[in-house]
K.L.:
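Quick one: this structure, given as structure tokens, is what I'll be asking you about.
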Amino acid sequence: MFPRPIETQPRATQITYQSLIPVALLLWLAPLIAVAIFSIKPDTDFTSGNYWGWPAEFEGFANYGKVFFESDMPRYLMNSVLITVPTVIGAVALSAMTGFALGVYKFRGNLWIFFMFVAGNFVPFQILMVPVRDLTLDLGLYNTKTGLVLFHIAFQTGFCTLFMRNFIRALPFELIEAARVEGVAEWRIFWFIVLPLMKPAIAALSVLVFTFIWNDYFWAVVLTQGAESQPVTAGITSFNAQYRAAYHLMSAGSIVAALPPVAMFFLMQRHFIAGLTLGAVK
Amino acid sequence: MTTATLPDTHADEGGPGWIRRNRMTLAPLLFLLPGAIFFIAYVILPILQSFQISFFRWDGLGEPEFVGLANYQELSTDRAFEVSLWNNLKWLVLYLLAIPGGLFIALFLNQTVAGIRIYKSLFFFPFVISQVVVGLVFTWFYDPTFGLLNTLLEGIGISPINVLGDPTLATYGVIIAGLWPQIAYCMILYLTGLNAVDPEQIEAARLDGAKGLRMLWHVILPQLRPATFIAFVVTIIGALRSFDLISIMTNGGPFGSTRVLSFYMFEKALSEYGFRMGYGAAIAVVLFLIMLVFIAYFLWSMWRQERGH
């Protein structure tokens, strides 16, 4: 293990290390902790200039209550769910198939098609912006959740194909060979043999795509406009315009907007990290 | 039509036998089709269309007017474009600090004391939050009247600085906000990498008297190469994609000093003073070509790995 395990060090070093970690963490998360503190303060603290002192009263429930019951925030959150969940399903379904095609079959151009998906996944969004906006307008889907979902599915398919294909490559190929010898149809091989083995990949991609799409801001601004279709990342700016200088509410709103992917991460941590660090180990 | 002259292979075309015989061609084709159609329609074709649009003057509504290279000529004398390009370079160079930063935290946390798993997760936290929220959090952090930064500076007797209001500092302020989640990402890559480092090699090196930085440089880092490669890829892409933070924290200002190509393109194409799609597309093409250098390098590395298999 590197660095040398702390257990083998003198007692003093161990104690220093153990007390250093929480301090480092506190510094690392300081900007966020500050916002969390803001979100439970009463508004009088801000008018009287008591920014960093002890909160005059605990107003957490009132502040978060306002966010949930007196603003458009629940609509934005709902929009985010309705954009994110279909995207996850669509992208995972499409890429399970493309990944299977590219990982299992040998045909001319296989690697080139694979590289097309990989390369497309790296391009800057701006090179797609004008034509995609135009296409969405032509389809009559501008300012709809569907328009956003269709684009997200297409774009995420690039990354997901990379992931799925490499995952399928690592599966025991003899299983598929054996099934073919038995005369099992190709789609049955996909459905009954490969798909069940891909559960870890599907789980990892689902949490990753969920986080990516939930946190998307650029496409939300380009393809949608109002509270009826905008996700929470774009909605938070209108929310902040509505409560300008009401820092306790803006802080509470930001925390609410950030929470779902955070919850997802803590619930599915293992899959999340397995997905993110794919390829980090030979 | 040429196959029509070969009646015996043609006998049962369309029948189940034909499907059976060609299933190894048909199956991958059918599995690929839905994903590929989507991807081509929404990603590949738009790239080509953007190239085309960059040769036109177009407000997004009326008839596009062909102007040849006029948009690119205008770019060459556009001060704001030059500022954006420089800022992109600053982003690229400074964003790469996330890699040593992430390695440093990973080395710090690569222990097995009680509760370390929770600490690792909490250090990773900033990456999970949307950049919009990161932007808001850092805007308040920098705020000259009540921000945590200036409250702390005041505590040690330094007069407050308005980071985001100062044209010479603002870009660096935004980049630091961007480094926060990016360092977390690199950290998790390195933590995973460190987990897989061969303990025998470390022991052998220890017996040879290697330790500290020399050990890190000669024994550990070579084994972390796959992690470093991925950290490099995601950091470069993250740097060139920076948009959310700039939009939230400074909206390009003060005086356009924090613009980067991705933001400037958006501003031009969808600005409130009239849409300039052609000019925006030209900016996007420049950004794309910069990215293409890196994409080509990544694909080349991947191709070498594929051949190695």
Side-chain angles (χ1 to χ4, degrees), chain A residues 1-3 5-6 18 21 25 28-32 34-35 51-52 94-95 97-98 100-101 105 107 111 115 117-120 122-132 151 153-155 157-158 161 186 211 215 217-218 233 236 254 257-258 261-262 265 269 273 276-277 279-282, chain B residues 23 27-28 31-32 34-35 38-39 42-44 46-47 49-50 53 107 110-113 119 121-123 125 128-133 136-138 140-141 146 148 151 188-189 192-193 196-197 199 202 220 226-227 230 237 240-241 243-244 262 265 269 277 280-281 284 287-288 291 295 299:
Chain A
M1 208 173 142
F2 185 85
I6 205 87
Q18 297 222 352
I21 303 183
L25 181 70
W28 180 243
L29 293 181
L32 204 64
V35 173
Y51 293 112
W52 293 107
L94 287 184
S95 62
M97 295 195 288
T98 51
F100 178 72
Y105 299 93
F107 55 90
L111 205 58
F115 279 179
F117 282 112
V118 178
F122 290 147
V123 301
F125 294 147
Q126 283 69 22
I127 192 92
L128 311 177
M129 187 187 104
V130 174
V132 166
F151 170 76
I153 290 180
F155 193 82
T157 298
T161 300
E186 296 297 313
T211 313
N215 291 342
Y217 175 69
F218 181 76
T233 42
I236 188 89
S254 306
V262 171
F265 165 66
Q269 217 184 106
I273 290 175
L276 269 188
T277 55
V281 180
K282 271 257 163 70
Chain B
R23 64 181 177 144
F31 277 115
L32 263 178
F38 252 70
F39 199 73
Y42 268 107
V43 181
I44 304 300
I47 296 175
Q49 282 169 319
S50 276
I53 294 168
L107 289 172
N110 194 34
Q111 295 289 350
T112 47
V113 298
Y119 282 117
S121 307
L122 287 172
F123 266 91
F125 208 81
V128 189
I129 307 170
S130 83
Q131 298 242 317
V132 172
V133 176
L136 288 170
V137 166
F138 268 83
W140 298 331
F141 178 73
F146 65 81
L148 190 57
T151 312
I188 210 80
L189 288 171
T192 312
V197 165
I202 298 180
I220 309 295
I230 297 193
I237 292 181
L240 288 174
R241 278 210 179 137
F243 173 89
D244 302 4
S262 62
M265 182 274 165
M277 300 290 187
L287 179 60
F288 176 74
M291 199 86 112
I295 296 177
L299 286 183

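Nothing here was measured: the structure is a model prediction, and the numbers come from that model. Order of the sequence lines sets the chain letters (A, B, ...), proteins ahead of strands, with each chain counted from 1.
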K.L.:
I'd like to check the ring-ring contact (aromatic ring centres under 6.0 Å, His included) partners of B:F38; sequence neighbours left out, ordered by chain and number.
P.N.:
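Once residues adjacent in sequence are excluded, B:F38 has no partner under the ring-ring contact (aromatic ring centres under 6.0 Å, His included) criterion.
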K.L.:
For A:I236, is it the side chain, the backbone, both, or neither that has a heavy atom closer than 4.5 Å to a heavy atom of chain B?
P.N.:
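It is the side chain, since no backbone atom gets that close.
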K.L.:
For chain A, which candidate among B:F141, B:F123, B:F243, B:F288 shows the most heavy-atom pairs at distances under 4.5 Å?
P.N.:
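Ranked by contacts with chain A, first place is B:F123.
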K.L.:
Can you say whether A:I21 sits under 4.5 Å from chain B via the side chain, the backbone, both, or neither, judging by heavy atoms?
P.N.:
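For A:I21, heavy atoms of backbone and side chain both lie under 4.5 Å from chain B.
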K.L.:
Does any heavy atom of chain A fall under 4.5 Å from the side chain of B:V128, the backbone, both, or neither of them?
P.N.:
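Both parts, backbone and side chain.
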K.L.:
Against chain B, label A:S95 side chain, backbone, both or neither, depending on which of its atoms sit under 4.5 Å from a heavy atom there.
P.N.:
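Contact with chain B involves no heavy atom of A:S95 at all.
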K.L.:
Tell me, side chain or backbone of A:F107 under 4.5 Å from chain B's heavy atoms, or both, or neither?
P.N.:
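Looking at A:F107, just its side chain touches chain B.
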K.L.:
Chain B heavy atoms under 4.5 Å from A:F218: which part of the residue, side chain, backbone, both or neither?
P.N.:
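When you check distances to chain B, atoms from both the backbone and side chain of A:F218 fall under 4.5 Å.
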K.L.:
Check each atom of B:L299 against the heavy atoms of chain A and say whether the ones under 4.5 Å are side chain, backbone, both or neither.
P.N.:
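Contact with chain A involves both backbone and side-chain atoms of B:L299.
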K.L.:
Aromatic contact between A:F117 and B:F39, with the criterion being ring centroids under 6.0 Å apart: yes or no?
P.N.:
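Yes.
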K.L.:
A:A119 versus chain B, heavy atoms under 4.5 Å apart: side chain, backbone, both or neither?
P.N.:
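Looking at A:A119, backbone and side chain both touch chain B.
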K.L.:
I'd like to verify something: which residue of B:A269, B:A281, B:S121, B:G193 has the highest number of heavy-atom pairs under 4.5 Å with chain A?
P.N.:
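The answer is B:S121.
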K.L.:
With a 4.5 angstrom heavy-atom cut-off, could you sort out which part of A:V123 is near chain B: side chain, backbone, both or neither?
P.N.:
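A:V123 touches chain B through backbone and side-chain heavy atoms alike.
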K.L.:
Is chain A contacted by the side chain of B:L189, its backbone, both, or neither, given a heavy-atom distance below 4.5 Å?
P.N.:
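Backbone plus side chain of B:L189, per the 4.5 Å heavy-atom cut-off to chain A.
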K.L.:
Using non-hydrogen atoms only, which part of A:F100 is less than 4.5 Å away from chain B: side chain, backbone, both, or neither?
P.N.:
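For A:F100, the side chain is the part near chain B, not the backbone.
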K.L.:
Check whether B:I44 gets within reach of chain A through its side chain, its backbone, both or neither, counting any heavy atom under 4.5 Å.
P.N.:
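Answer is side chain: those atoms of B:I44 sit under 4.5 Å from chain A.
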K.L.:
Can you tell which part of B:I129 gets under 4.5 Å to a heavy atom of chain A, answering side chain, backbone, both or neither?
P.N.:
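Contact with chain A: backbone and side chain both.
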K.L.:
Not counting sequence neighbours, which residues clear side-chain hydrogen bond (donor to acceptor under 3.5 Å, both in side chains) with A:Y217? List them please.
P.N.:
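Counting only residues at least two positions away or on another chain, A:Y217 forms a side-chain hydrogen bond (donor to acceptor under 3.5 Å, both in side chains) with B:S247.
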